[in-house]
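Side chains included, hydrogens not; waters and symmetry mates left out as well; all remaining heavy atoms used. One is the number of the first residue; the rest follow in order along the sequence. Every number for a ligand or one of its atoms is a count from 1 in the order of the listing.
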Amino acid sequence: MNISVVIPLYNEEESLPELFDWIKRVMDEHKFTYEVIFVNDGSTDGSWQVIEKLAAQHPEVHGVKFRRNHGKSPALYHGFLRSEGDVVITMDADLQDSPDEIPELYRMITEDGYDLVSGYKQKRYDPLSKTLPTKLFNATARKVSGIKNLHDFNCGLKAYRKEVVKNIEVYGEMHRYIPYLAKNAGFSKIGEKVVQHQARKYGKTKFGLNRFVNGYLDLLSLWFLSSFGKQPMHVFGCIGSLMFTIGFFAAAFVGGHKLWSMATGRNYILVTNSPYFYIALTMMLLGTMLFLAGFLGEMINRNSSERNTYQVEKEI
Ligand code: UDP
Ligand code: MG
């Protein structure tokens with residue numbers, strides 16, 4: 001099969017028939033063999049009935065239904081699990097992404113050899129309250145992930161080589177950083193294509209402004225996991241030892257200075273009256289705690305079932 005289209009959706013009943021007709025038109029025109037996997041993320045409207053109806057009429061349509069709303073990432077995860085096409089395309093269900101982009105995305109993966117191609121909504125039809133923070137968000141994501149050529153990490157329209165979706169695990173709200181997940185899994189040829197974007201036709205957006213707060217925290221976790229996740233001791237142990245050593249010598253100096261002053265008969269102050277003593281003490285305490293955090297991290301890693309899940313690409 002050429003293409004699997006994965007569509008996560010939450011309360012998008014009005015858009016679905018129109019979206020499927022459009023996809024079908026494009027696929028038939030280019031003679032692609034394909035499947036469309038609708039993942040119903042606990043919709044409370046009639047979305048599932050619409051999917052059932054579509055599936056009854058078209059053998060290309062598959063549906064997955066969650067009992068309740070879990071979020072876009074789990075929906076994508078289940079879509080990826082079930083996709084069988086050589087190229088997997090994800091798109092939003094709200095008709096903001098255009099199926100007309102599919103042939104070119106497919107070509108970029110199969111002929112230009114990209115692992116992942118992300119859409120780039122250069123001209124957006126969203127309110128300013130969303131486009132402005134998005135710019136900032138993408139600049140941060142570029143910096144942290146080191147994927148310098150992407151302008152739109154969170155674009156719903158993306159194309160993947162099959163191996164990519166089978167080797168990454170989208171969870172929580174990590175759908176915003178799939179290119180980063182792919183890069184961490186060793187897929188380095190990541191590209192971008194400018195895509196058409198439209199204003200939402202039916203329904204309303206499912207993400208509020210807290211997407212930026214959560215997105216930022218998720219980025220921090222990902223950055224940390226990918227840089228030190230497998231060896232927490234390397235970062236915590238290093239900073240911790242350094243702080244402890246500085247604190248220790250500073251405390252020794254404060255104490256030594258007092259003893260020396262006493263021995264030579266000069267004026268001296270109590271150790272506890274010196275601010276430096278407290279600074280030194282705090283550094284020793286924090287140093288110990290950081291060191292312990294690193295040590296605990298290592299112990300947790302040792303027990304983790306994923307401590308040796310590095311993916312093998314080929315064997316002969
Ligand atoms: N979506 C989902 N589960 C959720 C929230 C959203 O499957 O909990 C789907 C939604 O139906 C749409 C896509 O994710 O197909 C993108 O959502 P939306 O259009 O609301 O996001 P925006 O375009 O505002 O970024
Ligand atoms: Mg949308």
State whether Phe187 and Lys189 meet the cation-pi test: NZ (Lys) or CZ (Arg) under 6.0 Å from the six-membered ring centroid, and within 45° of the perpendicular axis. no
Using 30° and 60° as the class limits, which term best fits the ring planes of Phe236 and Phe224: parallel, tilted or perpendicular? tilted
Passing candidate, side chain to side chain contact (heavy atoms under 4.5 Å, CB included) with Glu101, options Ile89, Val194, Leu157: Leu157
Salt bridge check: are Arg200 and Asp94 linked by an N-O gap of less than 4.0 Å? yes
Output the set of protein residues with a heavy-atom contact under 4.0 Å to ligand 1, ordered first by chain identifier and then by residue number. Pro8, Leu9, Tyr10, Glu12, Asp41, Asn69, Gly71, Lys72, Asp92, Ala93, Asp94, Gln96, Lys130, Arg200, Thr205, Lys206, Phe207, Arg211
Parallel, tilted or perpendicular, judged at 30° and 60°: which one describes the rings of Phe137 and Phe212? perpendicular
Note: Lys24-Asp28 ion pair, threshold 4.0 Å (strictly below): yes
Basic-acidic side-chain contact under 4.0 Å: Glu18, Lys201: yes
Any salt bridge linking Arg107 with Glu104? Criterion: basic side-chain nitrogen under 4.0 Å from a carboxylate oxygen. yes
Please indicate how many protein N/O/S atoms are found closer than 2.8 Å to the Mg ion (ligand 2), with waters neither displayed nor included. 2
If you group Ile, Leu, Val, Met, Phe, Trp and Tyr by side-chain heavy-atom gaps below 4.5 Å, do Met91 and Phe20 land in one group? yes
